[in-house]
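For reference, the structure is listed below as structure tokens.
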Amino acid sequence: MATSTDVEAPPEGAAENRFRTWLLKGLSDLGKQPSGPHAPEAEVHRGQRWWRVMCLTGVDYFSTLGYQPGIAALAAGLLSPLATLVLVVVTLAAALPVYRRVAQESPHGEGSIAMLERLLTFWQGKLFVLTLLGFAATDFLITITLSAADASTHLVENPHFTGALHGHEVIITLGLVALLGAVFLKGFTEAVGVAVVLVGLYLALNAVVVLVGLWHVATAPHVITDWTRALTAEHGNPLVMVGLALLVFPKLALGLSGFETGVAVMPHVEGGPEDTEERPAGRIRDTRKLLTTAAVVMSVFLIATSFITTLLIPQDEFKDGGQANGRALAFLAHQYLGSVFGSVYDAATIGILWFAGASAMAGLLNLMPRYLPRYGMAPHWARAVRPMVIVFILVAFLVTWIFDADVDAQGGAYATGVLVLMTSAAIAVTIAARRARQRGWTVAFAAISAVFGYTTAVNVVERPDGVKIGACFIAGIIAVSLLSRLARAFELRVTDVHLDPMAERFVRDTATRRIRFIANEPDSRDAAEYRDKIHQIRADNDIPSEEDFVFVEVTVRDPSDFESALRVRGEVLHGRYRVLTLDGSSIPNSLAALLLHVRDLTGRRPHIYFEWTEGSPFAQFLRFFLFGQGEVAPVTREVLREAEPDRARRPHVHVG
């Protein structure tokens, strides 16, 4: 029998390797769809029924009932129901049509950012996308922290816990954020099921509160009479009331917060059996059902809850320190249905507010890894889910600490992020409709863009802290992204090399001898250019005249792209000069990828010949970093050195 001393200790570093494997593997059950035409058929159609995914995004959207009636009461006072009606009209007549079109145009969860990305190229396009990602990060991260902070408020304000938990809101909020992160680190298979239970329970409890509230209004007719008299005394003319409601609307913009997460979680929607990755018609159809159903349900609850809270709760209770501040419906639940039901309502509200961060986290994990690594503006591990979860949770900790878990203090940043993304979505679908020559939709979407643009501008003027916070996120993303790209400047970043038949023939022919390439910057491409280049290379490197060469020419299309496939075409110019033409985002990277591919294809180490470039080394590096050119020879060698550590297998680089 073996004793404890007979048991072998695990190899050194085994635990570390297991942890690394677990960390970088990510979550295979997040519902992310593989991209590209080669994605397995089973994986392409994996997902959840649309109504279940609606609950996933609904934990964000529907949870705003926890604080939206209070926000409306503070912003509009007695006009709260009318201002909320304006919000509902904007929801159904503006936001819903816009995001139904976004779902059609961008069915893989990138949203309006992907639509606008197609309009711009080069660095201005990348910086524009990074700016929108900054606002998206503001929206989604503040969703996590604000919802957790509001959940802690509901917990602390519960009559059973006020004495014990008051003053510990920050600690409670940090604990809720950490618990959300633990869910994503552990796994997300059951998250949709949890969302269905939470949303179903929360909406059912809200329906009870609404019905009881309406019954109290109906059985006490003086309530409506007192409200209408107060409205008339305060505002007089009904047209003035409507005008004030329109002016107050921007302050209620948080009620629109669910649409961006609605399209962000599109990859979770199952769709139909006829779907392909390129044309997921079923997913688009079901996502439209998701958006429409959520908007209609939310609109009904918004109007009803705003009506009963305005009529049944004294205005002073909505203010800071009041019992209905940030928890108007919970106040009614305790007052009219008793402490037990009120506590159950608080528990459901806490649960859905805490889990509201789940849809926001899913949106972040869908957006950021799609853009930043592809732009070279994040390390490779950013493609894995778990490291990104840790990063987002740490940032959420920082935001919670900075804002002291204050719901009102974060509202401006939240509204700014929501409105900027909605405005960009409206502009994107306007452009899409115009390109499709749909004049009616173009005019309609342009009008909606103007409404959202006005709302965003008013919100920024009245709550400038929101755009300041968004600017901090943008500056942070751009700074970290550029530093990451700088650190990865010499990384081999060609995803695939494909040679056409003529290029393959050139490589096969030269593989029987010594493979010699000449890096040439194409100019006039006449016979004299190639003849003089060969004479120069022979003289500079003392190469016998019997040795032959193949020219390699790289055309840089978009130097801001970090990763790209390499297509190599072969052609014979002037009846004698063999030329390989390449399109890439960087000359050194394209050349290095070609050399390594030829080595692997032929089993022989190719030689490539350059001439030195005149000019400052620093200026040449900046040209390489920004425009993919610069001093090509040493950078090509450095890319090869990083890609192939073994000198015995590394292609030769000659400079004369």
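For the single chain, residues carry numbers from 1 onward in sequence order.
Counting heavy atoms from C-beta on, the side chains of T416 and T138 never come closer than 4.5 Å. When side chains are defined from C-beta on, I543 counts as touching Y609, because their heavy atoms get closer than 4.5 Å. The side-chain heavy atoms of L601 and R508, taken from C-beta on, include no pair separated by under 4.5 Å. Residues T423 and F135 form no side-chain contact, since every pair of their non-hydrogen atoms from C-beta on lies 4.5 Å or further apart. For the pair L596/P651, a side-chain contact is recorded, criterion being any heavy-atom separation below 4.5 Å from C-beta on. Between T442 and T430, some side-chain heavy-atom pair lies under the 4.5 Å cut-off. The shortest distance between side-chain heavy atoms of F445 and I431 does not fall below 4.5 Å. Between R649 and D600, some side-chain heavy-atom pair lies under the 4.5 Å cut-off.
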Q: Check the pair R531, D526 against salt bridge (Lys or Arg N to Asp or Glu O under 4.0 Å), reporting the backbone distance first and the verdict last.
A: CA-CA 9 Å; R531 182 182 64 250; D526 57 13; over 6 Å; no
(Q) Checking L492 against N589 for the side-chain contact (heavy atoms from CB on, under 4.5 Å) test, could you report, in this order, the C-alpha distance in whole Å, the side-chain angles of both residues, the deciding distance, and whether it holds? (A) CA-CA 6 Å; L492 184 66; N589 243 278; 3.7 Å; yes
Q: Take M422 and V98 through the test side-chain contact (heavy atoms from CB on, under 4.5 Å) and record every step on the way to the result.
A: CA-CA 8 Å; M422 297 195 82; V98 164; over 6 Å; no
Q: Evaluate the criterion side-chain contact (heavy atoms from CB on, under 4.5 Å) for residue pair L640 and V653; output intermediate values, then yes/no.
A: CA-CA 9 Å; L640 287 170; V653 175; 3.7 Å; yes
Q.
Would L364 and M388 count as a side-chain contact (heavy atoms from CB on, under 4.5 Å) here? Give the steps.
A. CA-CA 9 Å; L364 283 169; M388 293 303 290; over 6 Å; no
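Not a single donor-acceptor pair under 3.5 Å links the side chain of E644 to the backbone N or O of R650. Between the side chain of E105 and the main chain of A432, no donor-acceptor pair closer than 3.5 Å is present. Put simply, the side chain of T510 gets close to the backbone of V507: a donor and an acceptor are under 3.5 Å apart. With hydrogens and angles disregarded, a donor-acceptor distance shorter than 3.5 Å links the side chain of D500 to the backbone of G570. Side chain of H597 to main chain of H498: no donor-acceptor pair is present (N/O by atom type, distance under 3.5 Å, no hydrogens or angles). Judged by distance alone, the side chain of T145 and the main-chain N or O of T400 form no donor-acceptor pair under 3.5 Å. Using modelled atom types, one side-chain atom of T636 and one backbone atom of V632 make a donor-acceptor pair closer than 3.5 Å. At least one donor-acceptor pair under 3.5 Å links the side chain of R604 to the backbone N or O of R513.
Atoms CD1 and CZ, on I537 and F517 in that order, are 14.0 Å from each other to the nearest 0.5 Å. Atom CG of L133 sits about 10.0 Å away from atom CZ of F140, to the nearest 0.5 Å. From S524, atom OG reaches atom CD of E529 across 4.5 Å, with rounding to the nearest 0.5 Å. For the atom pair CD1 (I113) and OG1 (T131), the distance works out to 10.0 Å, reported to the nearest 0.5 Å. In this structure, L591 CG and E553 CD are separated by 11.0 Å, a value rounded to the nearest 0.5 Å. Here R569 contributes atom CZ and R567 contributes atom CZ; the two are 10.5 Å apart, rounded to the nearest 0.5 Å.
Paired with V552 under the rule side-chain contact (heavy atoms from CB on, under 4.5 Å), one option of I587, L594, I518, L595 passes, and it is L594. Tested against D548 for a side chain to side chain donor-acceptor pair (under 3.5 Å), the candidates R514, R516, R578 yield a single pass: R578.
Between V102 and A425, the closest heavy-atom pair is CG2-CB, 4.1 Å. Looking at every heavy atom in both residues, V639 comes nearest to A592 through CG1-CB, 3.6 Å. Residue I284 comes nearest to P107 through the heavy atom pair CG1-CB, 3.7 Å, listed as atom of the first residue, atom of the second, then distance. The nearest pair of heavy atoms linking A511 to T602 is CB-CG2, 3.8 Å. Contact detail for A396 and I144: the closest heavy-atom pair is CB-CG2, 4.4 Å. The two residues S449 and I427 have their closest heavy-atom pair at OG-N, 3.4 Å.
Not a single salt bridge (charged side-chain N to carboxylate O under 4.0 Å, His left out) links R605 to another residue, sequence neighbours left out.
More than 12 heavy atoms of other residues, nucleotides or ligands lie within 6.0 Å of CZ in R525, so this atom counts as buried by the packing criterion.
Between H607 and H652, the ring planes are parallel. Angles under 30° get that label, and only those over 60° would be called perpendicular.
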